[in-house]
Novice: 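Before anything else, here's the structure in question.
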Amino acid sequence: MSEGISLEELQLATRNHGLPLEALQWDVTPVGLHYLLTHYDIPAVDAGAWRLHVDGLVERTVALSLEEIRARPAVELAVTMECAGNGRAHVEPHVVSQPWLLEAVGTARWRGTPVGPLLEEAGLGEGASDVLFTGLDRGVEGGEEQDYARSLPLSELLEGDALLAYEINGVPLPPQHGFPLRLLVPGWYGMTSVKWLARITVLDGPFDGYQMRHSYRIRMDEDEEGEPLSRMQPRALMVPPGLPDFGTRARIVRAGPCEIRGRAWSGEAEIAGVEVSTDGGETWAHAELVDTSLGRWAWRSWRFQWDAQPGEHEVCCRASDAAGNVQPLAPPWNLGGYRNNAVQRVPVTVTA
Ligand SMILES: Nc1nc2c(c(=O)[nH]1)N[C@H]1C(S)=C(S)[C@@H](COP(=O)(O)O)O[C@H]1N2
Ligand SMILES: [Mo]
């Protein structure tokens with residue numbers, strides 16, 4: 001698995017760090033432990049000079065200062081966000097990109113103003129159907145120079161809980177999470193939530209830029225149009241039990257009662273159940289779901305009592321949601337290495 005990861009991929013991995021899995025213990029992820037994914041460079045934004053422009057198919061174009069956005073009605077939502085590439089390093093054949101194992105996730109309290117009312121105030125024009133969000137960061141990808149930009153169907157913004165967020169866990173966004181303002185779309189994979197937001201443009205169809213047309217689609221080959229990624233598929237992750245070995249991170253557990261704890265989420269529907277296997281997925285038993293009252297858009301907590309017997313074990317967990325989606329045992333492959341929600345497997349040595 002680790003064979004074939006290049007220095008260039010390591011360079012991406014050190015910039016875009018993951019959630020250390022023991023940080024699943026916090027209901028809300030402390031800011032510095034939340035995962036990060038930045039395609040280009042983190043811009044240094046002068047908040048005083050910065051404006052959010054709203055244009056395109058609107059009756060009135062608007063340019064709002066950060067103070068004006070902060071003065072609007074505010075909402076705080078606990079949201080679990082996961083990168084669509086989470087699990088990529090486990091797919092075979094190897095897909096060259098940010099080599100996430102399982103840790104591209106985090107839950108934060110995001111505070112901001114709902115997007116829908118802002119669009120309605122600008123006055124939606126004839127034929128408005130999609131909305132483009134453009135960030136201040138610029139780079140080259142697939143040979144194309146571009147701003148990071150993605151669009152969403154208007155209905156998702158008018159009916160959903162999408163926010164223009166300026167705070168995370170009670171503090172202003174730090175540079176790496178999109179200061180001074182980012183889009184936050186609960187339930188969708190992370191690429192949707194455009195950071196360093198500069199412009200909102202109302203369109204009469206989906207945007208056709210690189211991050212829509214080429215990236216973030218499920219495709220088996222380059223010629224295929226493919227299906228766009230949207231909502232997070234169910235996943236359960238556990239805090240790896242026992243003690244870690246420094247070099248390998250293999251786990252050592254003392255024989256006897258051992259509580260396994262973790263989190264589970266799905267952007268499609270509520271989590272319906274979590275199961276645990278201690279024999280590599282041969283047999284499964286239900287974990288107990290614990291209410292953490294974080295709301296619909298945040299992960300659920302779960303726990304499982306394991307009577308650990310001496311020997312070698314492989315502890316696995318899998319989630320299912322109320323829409324009937326269940327995690328697969330084996331990683332699915334596609335060109336981008338996206339949406340691999342295969343079950344987590346943690347080898348554990350139980351000592352007497
Ligand atoms: N402007 C901009 N927004 C962006 C990105 C980016 O590179 N530039 N990365 C996206 C991706 S792929 C993910 S998974 C999330 C990560 O958000 P975080 O770094 O705050 O965890 O931001 C999204 N928004
Ligand atoms: Mo991502």
Side-chain angles (χ1 to χ4, degrees), residues 12-20 23 28-45 50 52 79-89 95 97-112 132-142 145-152 162-169 171-200 207 209-212 214-218 228-233 235 265 267 336-341:
L12 287 175
T14 56
R15 291 179 54 79
N16 299 307
H17 69 72
L19 172 94
V28 172
T29 310
V31 174
L33 297 180
H34 193 286
Y35 88 97
L36 284 179
L37 195 297
T38 299
H39 283 230
Y40 313 133
D41 289 348
I42 297 171
V45 182
W50 175 91
L52 174 68
V79 177
T80 297
M81 186 162 64
E82 181 186 21
C83 180
N86 201 13
R88 179 181 288 125
V95 173
S97 186
Q98 166 71 24
W100 295 121
L101 292 158
L102 289 168
E103 60 295 274
V105 65
T107 296
R109 290 189 199 278
W110 301 95
R111 188 177 178 81
L132 174 63
F133 295 85
T134 306
L136 285 168
D137 50 330
R138 200 169 165 78
V140 179
E141 206 170 337
E145 191 178 316
Q146 58 192 284
D147 298 321
Y148 187 88
R150 286 196 36 103
S151 75
L152 268 168
L163 281 186
L164 299 176
Y166 43 75
E167 277 183 16
I168 177 173
N169 297 358
V171 297
L173 295 184
Q176 66 273 24
H177 285 298
F179 179 85
L181 191 75
R182 79 175 304 168
L183 177 65
L184 211 276
V185 185
W188 285 56
Y189 281 118
M191 74 286 170
T192 318
S193 295
V194 177
K195 302 193 275 190
W196 310 292
L197 196 59
R199 191 171 294 277
I200 299 179
F207 176 58
Y210 188 85
Q211 306 299 335
M212 302 293 297
H214 187 280
S215 299
Y216 303 113
R217 303 184 83 87
I218 299 290
L229 286 159
S230 57
R231 293 180 173 277
M232 299 183 292
Q233 295 303 296
R235 190 195 295 275
W265 64 93
Y338 296 121
R339 211 169 63 182
N340 168 19
N341 65 334

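Residue numbers start at 1 and run along the sequence shown. Please read these numbers as outputs of a predicted model, since none were measured by experiment. Heavy-atom basis, side chains included; hydrogens, waters and symmetry copies ignored. Whatever order the structure lists them in is the order used to number ligands and atoms, beginning at 1.
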Novice: Using a 4.0 Å heavy-atom cut-off, say whether Y216 meets ligand 1 through its side chain, its backbone, both or neither.
Specialist: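 The answer is the side chain.
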Novice: Report yes if some N/O of E82 lies less than 3.5 Å from some N/O of ligand 1; otherwise report no.
Specialist: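 Between E82 and ligand 1, no N or O pair is found under 3.5 Å apart.
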Novice: Please classify the A104 to ligand 1 contact at 4.0 Å (heavy-atom distances, strictly less than): side chain, backbone, both or neither.
Specialist: neither
Novice: Identify the heavy atoms of A149 and L132 that sit nearest to each other, and give their distance.
Specialist: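 Looking at all heavy atoms of both residues, the closest pair is CB-CD1, 3.9 Å.
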Novice: Return the residue, atom name and 0.1 Å-rounded distance of the protein heavy atom closest to atom 16 (C) of ligand 1.
Specialist: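 Here the nearest protein heavy atom works out to Y35 OH, 3.6 Å.
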Novice: For atom 1 (N) of ligand 1, which candidate among V31, V105, D137, D41 provides the closest heavy atom?
Specialist: D137
Novice: Report the part of L36 in contact with ligand 1, treating N, CA, C, O as backbone and CB onward as side chain, heavy atoms under 4.0 Å; options are side chain, backbone, both, neither.
Specialist: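 Within the 4.0 Å criterion, L36 contacts ligand 1 through backbone and side-chain atoms alike.
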Novice: So, applying side-chain hydrogen bond (donor to acceptor under 3.5 Å, both in side chains) with T38, which one of Q176, K195, Q98 is it?
Specialist: K195
Novice: State whether the shortest distance between N or O atoms of M81 and N or O atoms of ligand 1 falls below 3.5 angstrom.
Specialist: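 Looking only at distances, the answer is no, because the N/O contact criterion of under 3.5 Å is not met.
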Novice: Does any N or O atom in R182 lie less than 3.5 angstrom from one in ligand 1, N or O only?
Specialist: yes
Novice: Determine all donor-acceptor pairs shorter than 3.5 Å in which one atom belongs to a side chain in residues 179-194; sequence neighbours excluded.
Specialist:
| residue | atom | partner | partner atom | Å |
| --- | --- | --- | --- | --- |
| R182 | NH1 | H177 | O | 3.4 |
| R182 | NH2 | S193 | O | 2.9 |
| W188 | NE1 | E156 | OE2 | 3.3 |
| Y189 | OH | Q233 | N | 3.1 |
| T192 | OG1 | Y189 | O | 2.8 |
| S193 | OG | V185 | N | 3.0 |

Novice: Strictly distance-based, threshold 3.5 Å: is any side-chain N or O of R339 a donor or acceptor partner for the main-chain N or O of G85?
Specialist: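 Looks like no, no N/O pair under 3.5 Å.
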Novice: State, with a plain yes or no, whether a side-chain heavy atom of R150 is found less than 4.5 Å away from one of F207.
Specialist: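 Answer no - side chains too far apart.
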Novice: Answer with yes or no whether the side chains of T107 and T80 bring together a donor and an acceptor at under 3.5 Å.
Specialist: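 Result is yes, a qualifying pair exists.
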Novice: For residues S151 and F133, determine if any side-chain heavy atom of one lies less than 4.5 Å from a side-chain heavy atom of the other.
Specialist: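 They are not in side-chain contact.
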Novice: Test your reading of the structure: does Y40 have an N or O sitting under 3.5 Å from an N or O of ligand 1?
Specialist: no
